[in-house]
Amino acid sequence: MEQTTVINFIVLLLSGLLLVGVLTTKFSSRFGMPALVLFIAVGMVLSQFIYFDNAFITQLVGILALIVILFEGGMQTKFADVKPVIRPAMSLSTLGVIITTVVIGVCAKFILGVSWMESMLFGAIVGSTDAAAVFSVLGGKNIKKRITSTLEAESGSNDPMAVFLTVTLIELIHHPEQSIWVHILLFLWEMGFGLVVGFVLGRIAVYAINKMNFDSSGLYPVMALAFAVLTYAAASLLEASGLLAVYVMAIVLGNSDLTYKRSIIHFNNGFAWMVQIMMFVLLGLLVFPDQLLGIAWQSLALSFILMLVARPIGVFLSLLFSRYSIREMTLLSWAGLRGAVPIVLATYPLLDEMDVGPLFFNVVFFVVLTSAIIQGTTISWLAVKLGLMDPNKTSSPSLLELVSLGKTTSEINHIQVQEGMSIVGKAIQDMQLPDDILFTAIIREEQIIAPRGTTVIKPGDTLYVLSPKLKRQQMKELFMLLEPEVAP
């Protein structure tokens, strides 16, 4: 009977956490603060009643959460937006992380009183931005596309550098006789082969998902997520960067004609919220409030140095020869949010049973919390002050959504009509459609219109078109934008 009571209590607790997670989306979007702040607080409250100190479980949940978060973010990343900013984003995700690591590491040496190697390890742990925090905070903001694309590409690709620095420094602390050149060559392999694995498995995933005819549409998102986990595992087993491979694989999927793409994106969006709730609650459980007071001033000092000194130096130096203005680099510096990645990396010294492990984990707690509260809530305000808001920016709807009809040879295409499409202003009877391509419904201003030959297509319309799967390319050309997006 006691076991049944405990199980029921755990189920009740999990349901409550999920409800809180749903309700905090309003809190997060309205105040610009990542919802992770509330999840951490919930975990800290629960730590007064539940004893939890398992760093292994925290790391495992954190890695799974990062896979889902990077997959969800990559699926919604348009290659046409990322392509112009690839070089500066790569500079930020490599050189920028190294510079930030060194600067904050030097400060940690004197503030925390640790060795040089240990201080650099701390710098590596907090040196990268976080995809979960960046995607969630920037998602509803009208900040100029050039800035948001750079931040999203950086946060999605800087994890390999942070992981490499963390693992390498731990190895050098234990084995100082090792050559640094071996680790540099390993990093080049991780980055290069991570890109290859992500691209190849992304193409395989697109082919497999489009060829499968499941009886249930709910299996397509599960299959896509399974490919994301497979990509991470395959890359990691080959000593490549699993996180980078997942992000590349997701970009390939998101920029391809994919059956049930909208369903896959919506499923992963919800699942990403679930894993974030679990991860940040576990962080709160691992933090013991009575251990925080003794390191409060050191932690806050390092947090502000990271936000006001280390990150800006890293951004300005890594973008020194780019075409970004001072105002743009200032906003890029301030929008470098910390979140899931530092938490996962902070578990490495804990699992390695290093003396500085508990200290670094508690300091990372302050870094993540202050970044979320201070930077997360002021990004929009700073963008307005710097004149970097885009008043004309709107959310980009799906151009073409494919919905498979079970085992039949046909599919329904969901098309969001945009300005510049070749069909805008044309009547259906003037489009010279093949006999087997049929308009089934049009949604205009929240009203359903029955398609007729004289119906004129307008921007903003949502079209539902029935067509054979074999004519998918013809469908794409029929509704192509005048300036089509470039796919990878």
Side-chain angles (χ1 to χ4, degrees), residues 25 29 72 75-81 139-140 142 145 206 209-210 213-214 216-218 220-221 224 253-270 390-406 408-487:
T25 57
S29 59
E72 191 262 340
M75 281 286 295
Q76 300 190 64
T77 299
K78 290 188 175 182
F79 188 76
D81 295 333
N142 280 349
K145 177 61 70 176
V206 171
I209 292 172
N210 284 339
N213 287 318
F214 292 120
S216 173
S217 61
Y220 289 94
L253 258 69
N255 288 270
S256 303
D257 289 334
L258 195 67
T259 299
Y260 284 105
K261 181 189 289 187
R262 284 161 58 92
S263 300
I264 293 172
I265 291 175
H266 291 162
F267 172 84
N268 283 297
N269 183 266
D390 187 355
N392 299 318
K393 179 183 172 184
T394 58
S395 59
S396 299
S398 172
L399 171 62
L400 185 62
E401 166 73 356
L402 306 175
V403 181
S404 176
L405 298 178
T408 69
T409 59
S410 299
E411 61 191 6
I412 293 178
N413 300 271
H414 169 283
I415 301 120
Q416 187 72 42
V417 180
Q418 303 175 21
E419 289 282 1
M421 294 178 72
S422 58
I423 61 172
V424 172
K426 289 185 178 181
I428 295 177
Q429 62 188 11
D430 297 331
M431 295 182 188
Q432 299 181 344
L433 296 174
D435 293 338
D436 48 5
I437 295 181
L438 304 172
F439 282 71
T440 59
I442 299 175
I443 298 179
R444 180 180 296 164
E445 297 179 354
E446 301 182 356
Q447 292 184 343
I448 297 179
I449 299 175
R452 303 180 186 278
T454 56
T455 303
V456 177
I457 305 302
K458 298 181 179 180
D461 286 352
T462 301
L463 311 179
Y464 291 87
V465 185
L466 181 67
S467 68
K469 293 179 182 178
L470 295 177
K471 292 192 176 181
R472 181 176 296 169
Q473 183 60 32
Q474 187 174 349
M475 280 289 302
K476 182 179 178 181
E477 294 172 355
L478 177 63
F479 300 104
M480 184 77 75
L481 291 167
L482 292 181
E483 296 181 353
E485 296 176 358
V486 179

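Residues: numbered from 1 along the sequence shown.
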Write down the atom of Ser263, the atom of Pro221, and the distance for their closest heavy-atom approach. O-CG, 3.9 Å
Roughly how far apart are Gln429 CD and Thr454 OG1, rounded to 0.5 Å? 6.0 Å
Approximate separation, where rounding is to 0.5 Å, of Leu463 CG and Ile449 CD1: 10.0 Å
Does some side-chain heavy atom of Ile442 sit less than 4.5 Å from a side-chain heavy atom of Ile428?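 The answer is yes, as the side chains (C-beta and beyond) meet within the 4.5 Å cut-off.
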Please, which pairs that meet side-chain hydrogen bond (donor to acceptor under 3.5 Å, both in side chains) have at least one residue in residues 455-465, sequence neighbours excluded?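 Of all non-adjacent pairs touching residues 455-465, those that pass side-chain hydrogen bond (donor to acceptor under 3.5 Å, both in side chains) are Gln416-Thr462, Arg444-Asp461.
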Holding to side-chain contact (heavy atoms from CB on, under 4.5 Å), I want the full list of residues that pass it with Asn269, two or more places apart in sequence or in another chain.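 Expected list: Glu72, Gln76, Trp273.
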Could you give the distance from CD1 (Ile209) to CD1 (Ile264), rounded to the nearest 0.5 Å?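 These two atoms lie 4.5 Å from each other.
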In short, Gly453 meets Ala427 closest at the heavy-atom pair O-CB, 3.7 Å
Quick check: closest heavy atoms across Ile423 and Ile457, and the distance to 0.1 Å? O-CB, 3.6 Å
Pro451 versus Ala441, closest heavy-atom pair with distance: CG-N, 3.6 Å
If only atom types and distance count, is the side chain of Lys78 paired as donor or acceptor with the main-chain N or O of Asn255 below 3.5 Å?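 Here the side-chain-to-backbone pair does not exist.
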